[in-house]
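Notes follow the structure.
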Number of protein chains: 2
Amino acid sequence: MKITTNVIILQKASSVKRKSAGEILKTLRVPEATVSRLSIYSRFLERLDKNGITTVSSGEIADGVGVSPAQVRKDLAYFGDFGTRGVGYNVKDLLKYTLKILGLDQEWPLAIVGAGNLGFALCTNRGFSVRGFHIAGVFDNNSTRIGKQIGNLEVKPLAQFPEIAKKENIRIGIIAVRTSLAQEVADIMVKSGMQAILNFSPVTINVPEDIEIRNVDLSIKLELLTFNLGIKTTQSL
Amino acid sequence: MKITTNVIILQKASSVKRKSAGEILKTLRVPEATVSRLSIYSRFLERLDKNGITTVSSGEIADGVGVSPAQVRKDLAYFGDFGTRGVGYNVKDLLKYTLKILGLDQEWPLAIVGAGNLGFALCTNRGFSVRGFHIAGVFDNNSTRIGKQIGNLEVKPLAQFPEIAKKENIRIGIIAVRTSLAQEVADIMVKSGMQAILNFSPVTINVPEDIEIRNVDLSIKLELLTFNLGIKTTQSL
DNA sequence: AATATTATGTGAAAATTACAACAAATGTAA
DNA sequence: TTACATTTGTTGTAATTTTCACATAATATT
Ligand SMILES: NC(=O)c1ccc[n+]([C@@H]2O[C@H](COP(=O)([O-])OP(=O)(O)OC[C@H]3O[C@@H](n4cnc5c(N)ncnc54)[C@H](O)[C@@H]3O)[C@@H](O)[C@H]2O)c1
Ligand SMILES: NC(=O)c1ccc[n+]([C@@H]2O[C@H](COP(=O)([O-])OP(=O)(O)OC[C@H]3O[C@@H](n4cnc5c(N)ncnc54)[C@H](O)[C@@H]3O)[C@@H](O)[C@H]2O)c1
């Protein structure tokens, strides 16, 4: 009997509904935190695999990434039974499963808008390719940047975004322009058919409900740190 | 009657205990998510203030940053009564309070280790100064990078980290070296007295309990997006 | 073959976080 | 002055997430 799993992640994620006649439709609600941890587990498994380790327990994964063993098992249990009781998990297999779950069993072309310092760093970042990402287009609307070569990529004018995005089959856009222009760029991305956006600018971006958007927010993380350091030294709030 | 507030943030944060004789000691447990949102509210208030807006309601803040009005009020209520019923919040005052709470009523010197592409982008990032951060030192152990000038900063050898960190009173270190060296750099930071670490490398770093560490994790966010896009197109997991 | 050991998967309990509803306070208009 | 509209601060409630505890299964040992 085939079970089609209907995964819905909680928190900020939009709900996803799918129908599948004649099959059991199981509605799963997966915490966003679980998906994030899955990404961490997956990277840890990659390291184990590289080191020739073939089997791992939930406890070892837990130690390796700093969560509880129960959390590891619970997280994995959302997606299936991947382990063997009394033994643990096969590293290669579990790695393959986690990658599949995260959608990393395929190549993901990305588009970056903003060829400034951050955009440059992103373009040259070696980490992407390991996980199946590659930059398929970099855009800017500053004439001093357009035409510049970054690695084997040429910075294109923003006007070409829709055309190239379509040709390259890009579904994920990355915003690396200065704060005041981020919303404008997001709008263009949405119009050009991006289904997901990763935003590096420290500002709240508005997009339609069906577009996935996440922020990589340096300031929030830094200010979380100063908050914590602050209460260690401040007499009262 | 003076109330000394003992703030403890939840999740990954370490608990903080303070004593204060003769005063009411109220133990607050603040969700990390609340602190993160406070950072977002604070930035939104900065924008309002810049636009000359003097009063704002929880509903307007909520609309501006994409949360519920109740959430805004609840978050603020952890730290005090900042509003006026029937009126709302004074923008300038609330901005000042949020900055104070986040520990941003002082200058924070930062140290960056890794003068690669990301390190360079961070050094030249204009966003820091607005919130009271400034890069007080950049370090690398690659001889081709040492001595290079980034803005008005010179890249120093990593060996000088402890000395400069002490002289410049640096408490927060930023890791921007390649993944395989991140733990090593973290160890040096801890030994040099850093109390908080911001890590950009996609790997789990181990530090003593009393050191605050947070990750700015590009991969997790990207893979959250591919997870969501994946379940929209994949027939079954 | 029986027993011990190890480690998964899971249902129930506990903890945490978000949400909703409303009383209290303020300002405004009749 | 009174009634009305607005919006906070707070209490209770619902939803979500994590943790706990253990039955179950696989392997190792005696
Ligand atoms: N530099 C960092 O380390 C860092 C870290 C985190 C977040 N950020 C954020 O990332 C963003 C970019 O930072 P940066 O340091 O690269 O700034 P930058 O000034 O170096 O680069 C901005 C780039 O965007 C381009 N641009 C501006 N408007 C555009 C538009 N409408 N369309 C296309 N391109 C446009 C500019 O020409 C420039 O090349 C900022 O919002 C910043 O706050 C930067
Ligand atoms: N480039 C990006 O956009 C980006 C984004 C997110 C995360 N990251 C992560 O940030 C890290 C750095 O990325 P990058 O693109 O700047 O890489 P990079 O190769 O350009 O720079 C790495 C720098 O660290 C220096 N370094 C290496 N070992 C060191 C040590 N022991 N002490 C001091 N310095 C040392 C190197 O000399 C080099 O200058 C990586 O872990 C990467 O995964 C990069």
Side-chain angles (χ1 to χ4, degrees), chain A residues 3 5 7-13 15 26-38 40-41 45 48 53-91 93-94 97-98, chain B residues 3 5 7-13 15 26-38 40-41 45 53-91 93-94 97-98 224:
Chain A
I3 298 181
T5 311
V7 179
I8 300 180
I9 89 164
L10 302 182
Q11 301 278 38
K12 297 181 136 189
S15 297
K26 203 174 141 201
T27 297
L28 259 189
R29 296 155 57 76
V30 183
E32 178 151 324
T34 289
V35 182
S36 297
R37 282 189 298 263
L38 220 60
I40 295 172
Y41 303 156
L45 291 166
L48 294 182
I53 294 162
T54 56
T55 305
V56 70
S57 69
S58 59
E60 288 164 338
I61 296 175
D63 285 348
V65 306
V67 300
S68 73
Q71 183 81 82
V72 172
R73 294 199 298 274
K74 196 73 176 204
D75 285 338
L76 294 173
Y78 281 107
F79 303 99
D81 298 359
F82 305 119
T84 310
R85 294 175 189 219
V87 180
Y89 304 89
N90 178 284
V91 171
D93 288 348
L94 189 56
Y97 289 131
T98 55
Chain B
I3 298 181
T5 312
V7 179
I8 301 180
I9 88 165
L10 302 181
Q11 299 281 39
K12 298 179 137 194
S15 297
K26 204 173 139 201
T27 297
L28 261 189
R29 295 156 56 75
V30 183
E32 178 149 325
T34 289
V35 182
S36 298
R37 283 189 297 264
L38 220 59
I40 295 172
Y41 303 156
L45 291 166
I53 294 161
T54 56
T55 306
V56 69
S57 70
S58 60
E60 287 163 338
I61 297 175
D63 285 349
V65 306
V67 301
S68 73
Q71 183 79 82
V72 172
R73 294 199 297 274
K74 193 70 189 264
D75 285 338
L76 294 174
Y78 281 107
F79 303 99
D81 297 0
F82 304 119
T84 310
R85 293 174 190 220
V87 181
Y89 304 88
N90 178 285
V91 172
D93 288 347
L94 188 57
Y97 288 130
T98 54
L224 214 41

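Letters A, B, ... mirror the listed sequences (proteins, then strands); counts begin at 1. Values below: all heavy atoms of this structure, side chains included; hydrogens, waters and symmetry mates excluded. None of the values given here were measured: they were computed from a predicted structure.
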Distance, rounded to the nearest Å, where Tyr78(A) contributes OH and dG11(C) contributes P = 13 Å

Considering only heavy atoms from C-beta outward, does the side chain of Asp75(A) approach that of Val30(A) to under 4.5 Å?
-> no

Can you check whether Thr98(B) reaches Phe82(B) side chain to side chain, under 4.5 Å on heavy atoms?
-> no

Please tell me which of the listed nucleotides, dA26(D), dG27(C), dT16(C), lies nearest to the side chain of Val87(B)?
-> dG27(C)

Any Thr84(A) side-chain nitrogen or oxygen under 4.0 Å from OP1 or OP2 of dA26(D) = no

What integer distance in Å separates Gln71(B):CD from dC19(C):P?
-> 6 Å

From CG of Asp75(A) across to C1' of dT8(C) the rounded distance in Å is 14 Å

Rounded to the nearest Å, what distance is computed from the CG atom of residue Leu94(B) to the C1' atom of nucleotide dT8(D)?
-> 12 Å

Rounded to whole angstroms, how far apart are OH on Tyr89(B) and P on dT6(D)?
-> 17 Å

What is the distance, rounded to the nearest whole Å, between atom CD1 of Ile61(A) and atom P of dT6(C)?
-> 19 Å

Report yes if the side chains of Leu76(A) and Tyr97(A) come closer than 4.5 Å at any heavy-atom pair, otherwise no.
-> no

Is there a side-chain contact between Arg37(A) and Val65(A) (heavy atoms, below 4.5 Å)?
-> no

Output yes when at least one side-chain N/O atom of Ser58(A) is less than 4.0 Å from OP1 or OP2 of dT8(C), else no.
-> yes

Mind checking what makes side chain to side chain donor-acceptor pair (under 3.5 Å) contact with Tyr89(B), not counting sequence neighbours?
-> none

Using the closest heavy atom to pick a nucleotide of DNA chain D for each, name whichever of Lys74(B) or Glu60(B) lands nearer the 5' end.
-> Glu60(B)

Quick one: which of dT19(D), dC19(C), dA18(C) gets closest to the side chain of Ser68(A)?
-> dT19(D)

Rounded to whole angstroms, how far apart are CG on Leu76(A) and P on dT8(C)?
-> 9 Å

Taking CG from Asn90(A) and P from dT8(C), how many angstroms apart are they, rounded to a whole number?
-> 13 Å

Side-chain heavy-atom pair Phe79(A), Thr34(A) within 4.5 angstrom cut-off = yes

Residue mapping more 5' on DNA chain D - nearest nucleotide basis, Gly83(B) or Thr34(A) | Gly83(B)

Tightest non-hydrogen contact, residues Ser68(B) and Ala62(B), listed as C-CB, 3.6 Å

What pairs of nitrogen or oxygen atoms, one from the protein and one from nucleotides 21-23 of chain C, lie under 3.5 Å apart?
none

